[in-house]
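Structure first, commentary second.
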Protein chains: 2
Amino acid sequence: MGTGRPPTIKTVAARAGVGRTTVSRVLNGSPLVSEKAKAAVEAAIAELNFVPSSVARGLVTRRTNSIALVIPESESRLGAEPYFSAVIRGVSTGLAATQTQLQIVLVRDKSELDHLTEAVAARRVDGVLLVSVHRDDPLPDLLEGFGLPTVLAGRRSAAEPLSHAHSDNLGGAKAAVRHLLDRGRERIATITGPLDMEVGRARLQGWREALTEAGRPPDGELVAVADFTEEGGRRAMVELLAQAPDLDAVFVASDVMAAGVLLELRASGKRVPEDIAVVGFDDSMIARHTNPPLTSVRQPVEQIGSTIAQMLLEEIATPGTPRRCVLLPTELVVRESS
Amino acid sequence: MGTGRPPTIKTVAARAGVGRTTVSRVLNGSPLVSEKAKAAVEAAIAELNFVPSSVARGLVTRRTNSIALVIPESESRLGAEPYFSAVIRGVSTGLAATQTQLQIVLVRDKSELDHLTEAVAARRVDGVLLVSVHRDDPLPDLLEGFGLPTVLAGRRSAAEPLSHAHSDNLGGAKAAVRHLLDRGRERIATITGPLDMEVGRARLQGWREALTEAGRPPDGELVAVADFTEEGGRRAMVELLAQAPDLDAVFVASDVMAAGVLLELRASGKRVPEDIAVVGFDDSMIARHTNPPLTSVRQPVEQIGSTIAQMLLEEIATPGTPRRCVLLPTELVVRESS
DNA sequence: CACGTCGGTGGGATCGATCCCACCACGACT
DNA sequence: AGTCGTGGTGGGATCGATCCCACCGACGTG
C-alpha cells in the first residue's frame, strides 16, 4: 500500500505526451506554449495531483522561498513578552500573499547561534528578519557579510546602515511624560530598558526631552535601568523608592516591567495613581488587566512585522535596493494608573 | 565586488587534492577515509568556509530538516493567547539539539490553508505539528493522507488515532472544582471553551464529575459555552448572571476568558472572591496580574511543545513508529480570586 | 607466486527541477 | 523556389549534493 514516489515533472510529461520542458513552461507560465499542449499538461497535473518539488526547484533557482525571523533572547522573552507574538503575526500577514515560508529561530545560547549561522551559510533562507537588536550584536554584520538580505525591527542606533522599521519611541515617551506633567506630577522618574538597545535609549531620551522642554532639568537619581522583565521592573522600582522617596510618577519603558512596578508599589503600600502615577509602553494585553489598568504608549507592533516582511521581500526580489527606513507612529492610551 | 558563488563540494575537493566522494565521506563521518585525506579535507573546508548546501543535499536525501508548526486560528489568537508562544518556545527547545528548522504556519483563512497544503505537497517539511485541533478539522487526515509524519498538541477525541501529547484537562478541572467545593461554594458555574475541541469538552467533563462525585448533580443552566477569547468570556459571564443570579463560583476554562469574566464582574458590582470565586485555566502570565490575582490550573505547555517536537523527530527518523500518546500532569495554583 | 580480501578512492549516475540551444514546421518575403 | 524569421518543442547540460560500483594497491594466505 506504499503511496510510491510522488509524481515528478517527467511523469507529467509522459502522461500529457509532451516533453519535460513543456511541462516546466506551463508551470512557469511561459507564453511560448500552444493552447493544446497547455491543456494536456494541466489535465495531467490535475490527474496526478502533481506539485513541483520545491527542493529541486530551489537547487537551480537558488531560492528557498523562506525567510527566517530571528528572536535573540538569552532569557527567552518570547511568551513573557507579547511583543514577539505580535511581530510574528504581523510578519505572517506580510507574507500571506506570497508562497514564502516563515522560519522562527530562537537564539538563546551559543549553540543556537551556531545553528543559525550554519543555516544561513547553507543557504536555507532567502533573507533574515531580526528583532530586538542590541548595540553590539554581531548578528547583523555577520548576515550582511554573507550577502544575505536583512531587515531589522528596531535599530542599533540612529545611524543604522541596514533597512529597518521602528516605532516612534522618542515621540511616544515624550507624550507619556507630557501627559504626567499635565496631570500635575512634580517628580517624574523613569525605568528604562537596556541601554545597549536603541529602544531603551530613545525612550529615556524622550523622558529627558519632555522634562527639559517643560523647563525642568532631568534629575539623574530619577533614572533606573532595567531589562524589560517583570522582575527587573520590580527591582528598579525598589531602587527608585530608596533613592527618591518623594517621587510621584514613573514612566516605565515597557508594560511587562510596569506590571512588576505595580506589584512592588502595592507591596510597599503606595496607592496608584493617588500616590504615584504609572505609565507603561507597548499597550499590550496585560495593560488592560493590571490593577489598576495601565496607561500606556501604544506602538503598532503588528504593523512593524508586516512592514519588515514586505521590505525584505522586495530586497530579495530586487537585490541592491537602497536601504530604507520606516518610522511608525505611537499613541498614548490613558487608563486609570495615571 | 561580488562575493562570487559560495564554494561547493567540488571546490573543496580540488583544494584538498581529493575526489568529491571523499569530501562527501568526511562530511558524513564515514569511517572509510584515511587520516591524511580527512585532515586535508577538513583544512580545505575551514579555509574556504564551506558549508554544504542543504538544498542540494535535500534533493537526494529527501529530507528538508525542517518541520512545520501549524497554528490554525481564524481569529488569530497567537498573541492574545500566551499558550501558543509557550508551545513555540517548547518546540524550539525540543529541536535545539538537532539541525531541524522550525517553520511557523498561521492558518487564518482559506488561502493560507492552500499555501500550507501546497507546501506540504511540495515536500518542504519533513513533518508537521498541529495545535488547537477541532473535532472535524480536515487537516490531520489530510496530512496523514500525504503520508507525512504528524503529531498533535491536544487531541480531537479520546480515540485520537494520531500521536499526540496533551495535559490532564479532566484532572485539572476536577481539582479546580473540588477546590471551590472545599471553600464552601454552593452554586458553581462553568464557562467552557468551544465544545468541538477536546480541551473544551474535557474541562467541562471535569466540572461535571467533580460535582457528581461530591453528591451534587450538575445543573445545566450553570454552563455557558464560550470561545477562549476575553470578550467571549465576558459575554458568557453576562449570560450566567442572568440565568443564575445566585451563583457564587465559576470555573473558567482559560485565563484569557477569566480575565474577561473579572472585568464583567467588577462592572456589575460583584466582589471577587467575596461574592463570586473565580478559577481559571493555564496559569498564564496574566493570572498573576488580574485584579484580584487569579487562581488557575497550571498546565505544562512548554513541556508539551518539547514533547511533541521530540515525538515528531522520532517518527521522522524511524517511520512506522507506533502511535504514541503522552499525558502530562496539571496542578492547581491558588491565588486570591478563590 | 598467484589469488582473494579489504581499506581507501574517485568517476559516473542520480535526485527533480530549470535553462540553453538546436530543431522543426509553417507562413511571408524576395 | 529558396531563404528567412518565428512560434512551438524537446533533448542535454546544469544546479550541488549522495550513492553505487569499479578500481587500485598492499597485505595475508595456501
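All of these numbers come straight from a predicted model, not from anything done at the bench. Chain identifiers are assigned alphabetically (A, B, ...) following the order of the sequence lines, protein sequences preceding nucleic acid strands; residue numbering begins at 1 within each chain.
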| task | Please test A:Ser85 against B:Ser85 for side-chain hydrogen bond (donor to acceptor under 3.5 Å, both in side chains), starting from the C-alpha separation and ending with a verdict. | result | CA-CA 7 Å; A:Ser85 309; B:Ser85 311; 2.8 Å; yes
* side-chain hydrogen bond (donor to acceptor under 3.5 Å, both in side chains) between A:Asn28 and A:Ser30, intermediate numbers included -> CA-CA 6 Å; A:Asn28 297 297; A:Ser30 159; over 6 Å; no
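Side-chain contact check for A:Leu152 versus A:Val131: every heavy-atom pair is 4.5 Å or farther apart. Under the 4.5 Å side-chain criterion, counting only non-hydrogen atoms from C-beta, B:Leu102 is in contact with B:Ile67. A 4.5 Å side-chain heavy-atom check between A:Arg123 and B:Pro6 finds at least one atom pair inside the cut-off. Residues B:Val107 and B:Val105 have side chains in contact (heavy-atom distance under 4.5 Å, counting atoms from C-beta outward). Side-chain contact between A:Arg89 and B:Arg108 is present, with at least one heavy-atom pair separated by less than 4.5 Å.
The side chain of B:Arg20 sits closest to D:dT18 out of D:dT9, C:dG16, D:dT18. Side-chain proximity of B:Val33 to C:dG10, C:dT9, C:dG16: nearest is C:dT9. Set against D:dG10, D:dG8, C:dT18, the side chain of A:Ile9 has C:dT18 as its closest nucleotide.
Using a 4.0 Å heavy-atom cutoff across all strands shown, A:Val18 reaches sugar-phosphate atoms only and no base atom. B:Ala13 comes within contact range of no nucleotide atom at all, as no heavy-atom separation falls under 4.0 Å.
Each of A:Lys36 and B:Pro52 was assigned the nucleotide of DNA chain D with the nearest heavy atom; the assignment lying further toward the 5' end belongs to A:Lys36. Between A:Leu59 and B:Thr22, the residue anchored closer to the 5' end of DNA chain C is B:Thr22, taking for each the nucleotide with the nearest heavy atom. Two residues, B:Leu32 and B:Val60, neighbour DNA chain C, and the one matched to the more 5' nucleotide by heavy-atom proximity is B:Leu32.
Look at CD1 on A:Ile45: it is 14 Å from C1' on C:dG16, rounded to the nearest Å. Rounded to whole Å, atom C1' of D:dG16 lies 8 Å from atom CZ of B:Phe50. In this structure, A:Arg123 atom CZ and D:dA17 atom P are separated by 12 Å, rounded to whole Å. Distance A:Asn28 CG to C:dC19 P: 7 Å, rounded to the nearest Å. As a whole-Å value, the separation of A:Lys10 NZ from D:dG11 P is 10 Å. Look at CZ on B:Arg124: it is 13 Å from P on C:dA17, rounded to the nearest Å.
Between B:Arg62 and C:dG16 there is a side-chain N or O to OP1 or OP2 distance below 4.0 Å. The shortest distance between the side-chain N/O atoms of A:Arg5 and the OP1/OP2 oxygens of C:dG16 is below 4.0 Å. Not one side-chain nitrogen or oxygen of B:Ser53 sits closer than 4.0 Å to the OP1 or OP2 atom of D:dC15. Distances shorter than 4.0 Å separate none of the side-chain N or O atoms of A:Thr61 from OP1 or OP2 on C:dA17.
Considering every non-hydrogen atom in both A:Asp141 and A:Arg156, the closest pair reads OD1-NH1, 3.3 Å.
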Using nucleotides 20-23 of chain C, report all nitrogen or oxygen pairs with the protein that are shorter than 3.5 Å.
none

